[in-house]
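All residue numbers refer to positions in the sequence shown, counting from 1. Computed from a predicted model, the values in this text were never measured in an experiment. Whatever order the structure lists them in is the order used to number ligands and atoms, beginning at 1.
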Amino acid sequence: MTFTLPPGPCFMGILNVTPDSFSDGGRFLALSAAIEQGVRLREEGAHLVDVGGESTRPGADPVSVAEELRRVIPVVASLAEQGIAVSIDTRKAEVAREALAAGAVVVNDVTALRDPAMRQVCAEAGATACLMHMQGEPRTMQNHPQYHDVVSEVAHFLEESARIAEADGVREVWLDPGIGFGKNTDHNLALLRGIPQLVALGKPILIGVSRKSFIGRLVSGSDVPAPLDQREEGTLVAGVWALAAGARILRVHDVGAQRRAWQMWQALDREPK
Ligand code: HH2
């Protein structure tokens with residue numbers, strides 16, 4: 001099965017089947033709770049549900065293949081069976097392979113298919129792949145991120161990763177600057193302002209800002225990020241900003257709220273009659 005992007009924005013709902021994800025960790029570990037949340041995300045208007053079994057937040061512990069498979073495969077299979085388009089958020093080729101066999105249609109890899117086995121799995125299945133930029137690796141990436149020109153460097157990396165993936169036969173690629181992955185607040189803001197430069201690469205751009213700590217820092221106005229329940233407004237504004245700048249796919253926790261915010265923006269942006 002393949003996935004076709006809708007003509008307008010594509011809303012990707014986040015479903016973390018993990019004990020330690022920064023926002024929804026522990027909430028959807030039970031199979032029934034995870035499936036219910038996937039169905040709820042679709043009802044709220046998600047075009048795609050992104051199922052992940054390993055947290056990539058700064059400092060998170062790695063998870064074994066067996067444990068990641070145990071967490072995600074039953075969820076992927078059940079949602080796919082109910083006609084919900086599923087993407088699998090994983091860095092592991094074995095997990096991607098099993099998830100695609102269970103009905104997933106997109107592979108969301110925060111390491112941009114760096115592993116040749118990942119590229120092979122995606123190519124063989126005819127799956128879409130989301131290639132994300134990250135400086136360093138999750139455990140240490142926020143220690144001291146550094147760039148000369150963050151937008152150009154990220155754009156160059158994404159262009160090169162797309163070229164490699166396509167040369168290995170990956171059918172379709174989306175590109176993601178990896179907000180918060182080895183980036184400080186200024187880097188994240190520069191990338192959000194630089195979305196048109198990423199759009200110019202000619203591939204669909206995915207943006208994931210939902211509830212991330214830089215939003216917490218910006219809304220608190222200090223180095224101490226506002227708690228999660230005070231990051232929703234900033235998330236909605238940043239999401240609308242990204243779509244208005246040309247991003248095609250938005251990865252969000254609260255799909256309903258983000259869709260409503262986008263509806264409002266569109267109404268304002270329309271030419272008066
Ligand atoms: N962000 C997270 C995880 N996966 N994938 C893409 N393509 N882009 C992102 O920005 C992105 C991602 C981190 O958020 P979350 O899944 O909510 O948390 P955790 O990694 O702690 O599970």
Quick one: do V86 and V95 end up in the same hydrophobic cluster if we chain Ile, Leu, Val, Met, Phe, Trp and Tyr together by side-chain heavy atoms under 4.5 Å apart? yes
Touching ligand 1 at all, T18? Heavy atoms, strictly under 4.0 Å? no
Tell me: protein heavy atom nearest atom 2 (C) of ligand 1, and distance? R251 NH1, 3.4 Å
Is there a continuous path of hydrophobic side-chain contacts, each under 4.5 Å between heavy atoms, that joins I164 to V110? no
Measure S23 to ligand 1 on non-hydrogen atoms and call it side chain, backbone, both or neither using the 4.0 Å cut-off. neither
Checking S32 against E36: is there a side-chain donor and acceptor pair closer than 3.5 Å? no
Run the salt-bridge test on E44 and R40 with the 4.0 Å N-O cut-off and return the result as yes or no. no
Is the closest heavy atom of H253 to ligand 1 under 4.0 Å? yes
Closest to atom 5 (N) of ligand 1 among protein heavy atoms sits N108 ND2, 3.1 Å
Do any nitrogen or oxygen atoms of S21 lie less than 3.5 angstrom from nitrogen or oxygen atoms of ligand 1? yes
Note: L206, heavy atoms under 4.0 Å from ligand 1, region reported as side chain
Is R251 paired with D176 through a side-chain N to carboxylate O contact shorter than 4.0 Å? no
Between T128 and R171, is there a side-chain donor-acceptor contact under 3.5 Å, judged purely by atom types and distance? yes
If we number the atoms of ligand 1 from 1 as shown, the ones under 4.0 Å from a heavy atom of N16 are 15 (P), 16 (O), 17 (O), 18 (O), 22 (O)
Heavy atoms of other groups near E81 CD, more than 12 under 6.0 Å: no
Just to confirm my output: which protein heavy-atom neighbour is closest to atom 10 (O) of ligand 1, and how far is it? K212 NZ, 2.7 Å
Subset of ligand 1 atoms that lie under 4.0 Å from at least one heavy atom of R57: 20 (O), 21 (O)
Using a strict threshold of under 4.0 Å (side-chain N to carboxylate O), is an ion pair present between R139 and E137? yes
Contact (N/O only, under 3.5 Å) between D20 and ligand 1: no
Atoms of ligand 1 under 4.0 Å from any heavy atom of M132, numbered from 1 in the order shown, are 6 (C), 8 (N), 9 (C)
Ionic contact status for R97 with E94, cut-off 4.0 Å: no
Under 4.0 Å from ligand 1, counting heavy atoms only, is it the side chain of D89, its backbone, both or neither? side chain
Short N-O contact, K203 and E166, less than 4.0 angstrom: yes
Can you tell me which residue and heavy atom of the protein come closest to atom 21 (O) of ligand 1, and the distance to 0.1 Å? S55 OG, 2.7 Å
Using heavy-atom distances only, which candidate in I179, V110, D176 approaches atom 8 (N) of ligand 1 most closely? D176
